[in-house]
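Take a look at the structure below.
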Amino acid sequence: MKDLRNYSLLRHNTFGIDARCNRFIEFNSVDELKTVIPQLEEKRYLILGGGSNLLLTRDYEGIVLHSAIIGFSVMQMGNDIFIRCGSGEIWDDIVALSVENGWYGAENLSLIPGEVGASAVQNIGAYGVEIKDIIHRIEAVDVQTGEEVVFSNSDCDYRYRSSRFKHEWKNRYVITYVTYRLSRIFTPRLEYGNLRTVVDAAGDGLSPMRLRQYIIDIRKEKLPDPSVEGNAGSFFMNPVVPESQFSELQSAYPQIPCWPVDGGQVKIPAGWLIEQCGWKGRSLGRAGVHSRQALVLVNRGGATGNEIVKLSDAIISDVEEHFHIRLQPEVNIV
């Protein structure tokens, strides 16, 4: 276990913000975590994964907890594969492992940064698939009692980029293991965005490994490398509006893209809205909007978290003025 004081979080956030915390505790097992729990009573603490969905605006005056629980185990029941992963595992390593072993269902989530534990908090998603589609159960430790608990998928109230872990359970439970339910049967999901067009254009037949590579290639083309230009991927959630509101928007903007969702609502790409407001490729001081994907805010070099927030606020204001839609950050701002 690591227990460090006045610790820099530069390597623990993909925006590249050099904020510090009073104390950084990294645990390697459930038993180590349980020894830490009593020290958190009445103290401020932050549960941190890979920092790929985090924006630090100042030094953190408290304890940062990070899981280094790694390893996995596999159980097969018919065509179903259950893979239990430590919360500190890198998510994309699990996707690669699964595809290589013939366990399918996670291909569309390739190259999403972050760790296993955070995947279950955020309900990560891409190209028509969300992590809730493959989560079977979650193991955690209750910070209030120190007891080990287990949650089913349905317990977590998964919604678009949301779960109970992000809201009423925030900082209540520390996730230790996540079990995913995959399949021996390959059922490709190609209906989102231009994925089918890319697959059809390749014309070389579709395999799970090829689908994973297509997803990786698309993401690399659109999204900047955080090691080169600090970012947290998609900064905003795609807004969901009633069909009636979308019809009004469509009358004014016939080319507006959308995806129908349940409950008579429509999802609109936030990146398109931002681009229409002229922000794509622009900068505000040392913070900017990526030139190939307007949904991504970037650290041009040396930006503070507050500079990123200032840019975010300006974009939110412009989009609301033009479209009467208020964007919501997907990134956790601390």
Side-chain angles (χ1 to χ4, degrees), residues 13 25 27 30 33-34 36-37 40-55 60 62-67 69 82-89 91 94 105-106 108-109 112-126 128-182 232-240 261-263 265 267 270 326-334:
N13 74 97
I25 300 177
F27 53 91
V30 174
L33 170 60
K34 292 170 78 171
V36 171
I37 295 299
L40 303 179
E41 188 174 357
E42 298 183 0
K43 289 185 174 65
R44 189 178 183 211
Y45 60 90
L46 172 69
I47 301 168
L48 178 64
S52 59
N53 199 51
L54 175 71
L55 176 60
Y60 187 75
I63 299 171
V64 170
L65 289 178
H66 179 253
S67 172
I69 299 176
F82 297 88
I83 176 169
R84 178 177 181 259
C85 306
S87 55
E89 285 282 355
W91 164 248
I94 300 301
N108 290 38
L109 305 178
I112 294 179
E115 298 174 358
V116 160
S119 78
V121 173
Q122 180 70 8
N123 187 22
I124 60 173
V129 176
E130 293 179 313
I131 203 73
K132 71 174 179 60
D133 300 330
I134 61 172
I135 281 182
H136 176 62
R137 74 173 197 168
I138 294 167
E139 298 166 60
V141 171
D142 187 332
V143 174
Q144 294 182 4
T145 66
E147 296 178 352
E148 296 178 50
V149 292
V150 177
F151 299 107
S152 68
N153 184 308
S154 59
D155 291 332
C156 303
D157 191 24
Y158 282 119
R159 302 179 188 182
Y160 173 57
R161 300 297 179 274
S162 179
S163 73
R164 297 182 75 180
F165 293 108
K166 286 190 70 174
H167 301 290
E168 66 263 39
W169 290 350
K170 187 174 182 179
N171 281 354
R172 169 73 187 275
Y173 300 104
V174 181
I175 294 174
T176 53
Y177 289 91
V178 180
T179 300
Y180 304 104
R181 181 178 182 174
L182 303 175
S234 299
F235 193 91
F236 300 101
M237 293 189 287
N238 292 320
V240 177
V261 296
D262 295 337
Q265 295 184 306
K267 184 186 293 184
R326 186 166 183 83
L327 296 180
Q328 298 295 329
E330 179 177 328
V331 170
N332 182 28
I333 300 173
V334 176

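It should be emphasised that the depicted structure is a prediction, and the values quoted were computed from it without experimental measurement.
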Exercise for the section: Dump the intermediate steps for side-chain contact (heavy atoms from CB on, under 4.5 Å) on V143 and N171, then the final yes or no. Expected result: CA-CA 8 Å; V143 174; N171 281 354; over 6 Å; no
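- You'll find the side chain of L40 reaches within 4.5 Å of the side chain of L65, heavy atoms only.
- Contact of the I25 side chain with the I63 side chain is registered, since non-hydrogen atoms from C-beta on lie closer than 4.5 Å.
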Name every donor-acceptor pair, under 3.5 Å, that has one atom in a side chain of residues 130-137 and the other anywhere in the protein, sequence neighbours excluded.
from, atom 1, to, atom 2, distance (Å)
D133, OD2, E130, N, 2.9

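- Considering every non-hydrogen atom in both A270 and M237, the closest pair reads CB-O, 3.6 Å.
- Side-chain contact between E139 and E148 is absent, with no heavy-atom pair separated by less than 4.5 Å.
- With values rounded to the nearest 0.5 angstrom, N53 atom CG is found 6.5 Å from K166 atom NZ.
- Residues S52 and W91 are not in side-chain contact: their nearest non-hydrogen atoms beyond the backbone lie 4.5 Å or more apart.
- Of the possible donor and acceptor atoms, none in the side chain of S163 sits under 3.5 Å from a partner among the backbone N and O of Y158.
- Residue-environment remark: CZ (R164) exceeds the threshold of 12 foreign heavy atoms within 6.0 Å.
- Separation of atoms OG (S87) and CD1 (I138) is listed at 11.0 Å; rounding is to 0.5 Å.
- F27 is listed as a side-chain neighbour of I69, based on a closest heavy-atom distance under 4.5 Å.
- Proximity of R181 to F82: side-chain heavy atoms (C-beta onward) are separated by under 4.5 Å at one or more points.
- A distance of 11.5 Å separates CD1 of I175 from CD of E115, quoted to the nearest 0.5 Å.
- Considering every non-hydrogen atom in both C156 and F165, the closest pair reads SG-CE1, 3.6 Å.
- For CZ of R44, the number of neighbouring non-hydrogen atoms (other residues, nucleotides, ligands) closer than 6.0 Å is greater than 12.
- Under the ring-ring contact (aromatic ring centres under 6.0 Å, His included) criterion, Y173 pairs with F151, W169, not counting sequence neighbours.
- Side-chain contact between I112 and Q122 is absent, with no heavy-atom pair separated by less than 4.5 Å.
- In this structure, V331 and A232 approach most closely via the heavy-atom pair CG2-CB, 3.8 Å.
- Looking at every heavy atom in both residues, C85 comes nearest to I94 through SG-CD1, 3.8 Å.
- To the nearest 0.5 angstrom, I47 atom CD1 is 12.0 Å from H66 atom NE2.
- Residues L327 and F235 are not in side-chain contact: their nearest non-hydrogen atoms beyond the backbone lie 4.5 Å or more apart.
- With Y160 contributing its side chain and N123 its backbone, the two residues share no donor-acceptor pair below 3.5 Å.
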